[in-house]
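Shown next, in structure tokens, is the structure this report addresses.
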Amino acid sequence: MVGLAAAITLTGCGVPPSDVIQAGEPAGGMLAPDPRASAFVSVPLYFLDEGVLTAYPREFGDPVDLGTVVRQLFGGPTTSEAATATTELPRLTDAPDVQAGSGKSVGIGLPRGVAPLSRPAMLQLACTVAYVGGAVAAQPSETREGTAPAAPPVQARRSPAHTSVQVFGDGWTLTQSAKPCPDLPQP
């Protein structure tokens, strides 16, 4: 109906009908998207599959921000991952504070009221952090007043197995090495 109305309107204005006119190649160049803007990196988040520590790949923008990866890990398995994956990590009411430590360690501060984490939960964190951000501590970054250097965005990569994570809770601290993690190079 709209097409008929348009045809009547155009012929009434004296615009002659014509065939398709070839005009060369489509425009390009100026509006081409930046290839880096749509880059994604697959990063393994470690969950439990029948009690066994297992990597579940997730897509993240590149470069990968370690804090974002840790928040996703605490968020638990996605609906599709939940068919086989479980987690020992608690659901948090506030985002964890992810900080670069000294050497090859990463510190994670948890909100008040979170109970000490189980060994499987600590391994989930250590293995995920080792894969993504083991080299974070070697990279200097800006500091906030009274805190350790913040974890900068890093490229996803495997890191040495001696990477560790230190988790700080309300009156407790736990440390876990990534040495027992599957799929990480051993020193």
Is [Y] close to [X] at the side-chain level, that is, under 4.5 Å between some pair of heavy atoms?
| X | Y | result |
| --- | --- | --- |
| V70 | T128 | no |
| P90 | L117 | yes |
| D97 | I108 | no |
| S42 | R58 | no |
| L45 | Q72 | yes |
| V106 | L125 | no |

Original post:
Are a donor atom and an acceptor atom from the side chains of S105 and Q166 found within less than 3.5 Å of each other?
Top reply: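 On atom types as modelled, these side chains do not qualify, holding no pair under 3.5 Å.
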Subject >> Set of residues satisfying side-chain hydrogen bond (donor to acceptor under 3.5 Å, both in side chains) with respect to S80, sequence neighbours excluded >> reply: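 S80 satisfies side-chain hydrogen bond (donor to acceptor under 3.5 Å, both in side chains) with T78 once adjacent residues are dropped.
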Subject >> Residues which pass side chain to side chain contact (heavy atoms under 4.5 Å, CB included) with P77, listed by chain and number, not counting sequence neighbours >> reply: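 Expected list: F47, E81, A82, A85, T87.
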Original post:
So, does Q124 use its side chain to make a donor-acceptor pair with the main chain of Y46 at under 3.5 Å?
Top reply: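 Yes: the side chain of Q124 pairs with the backbone of Y46.
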Looking only at non-hydrogen atoms, find the nearest pair between [X] and [Y] and report the distance.
| X | Y | result |
| --- | --- | --- |
| A178 | A126 | CB-O, 3.8 Å |
| L110 | P96 | CD2-CB, 4.0 Å |
| G67 | V98 | CA-CG2, 3.9 Å |

Original post:
Taking only residues two or more places apart in sequence or in another chain, which ones pass salt bridge (Lys or Arg N to Asp or Glu O under 4.0 Å) with R91?
Top reply: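 In terms of salt bridge (Lys or Arg N to Asp or Glu O under 4.0 Å), with neighbours along the sequence ignored, R91 is linked to no residue.
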Original post:
CD/E88 to CG/L48 distance, rounded to the nearest 0.5 angstrom?
Top reply: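 Rounded to the nearest 0.5 Å, the CD-CG separation comes out at 6.0 Å.
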**OP:** To the nearest 0.5 angstrom, please state how far the OG atom of S164 sits from the NZ atom of K179.
**Re:**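 Here the rounded value is 12.5 Å.
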Original post:
So which pairs with a foot in residues 119-130 pass salt bridge (Lys or Arg N to Asp or Glu O under 4.0 Å), sequence neighbours left out?
Top reply: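 Those involving residues 119-130 do not exist here.
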Name every donor-acceptor pair, under 3.5 Å, that has one atom in a side chain of residues 50-57 and the other anywhere in the protein, sequence neighbours excluded.
unit_1: T54; atom_1: OG1; unit_2: V52; atom_2: O; d: 2.9
unit_1: Y56; atom_1: OH; unit_2: T84; atom_2: OG1; d: 2.9

Listing, residues 167-174 side-chain donor-acceptor contacts under 3.5 Å, not counting sequence neighbours, or none:
unit_1: D170; atom_1: OD1; unit_2: R112; atom_2: NH1; d: 2.8
unit_1: W172; atom_1: NE1; unit_2: V114; atom_2: O; d: 2.9

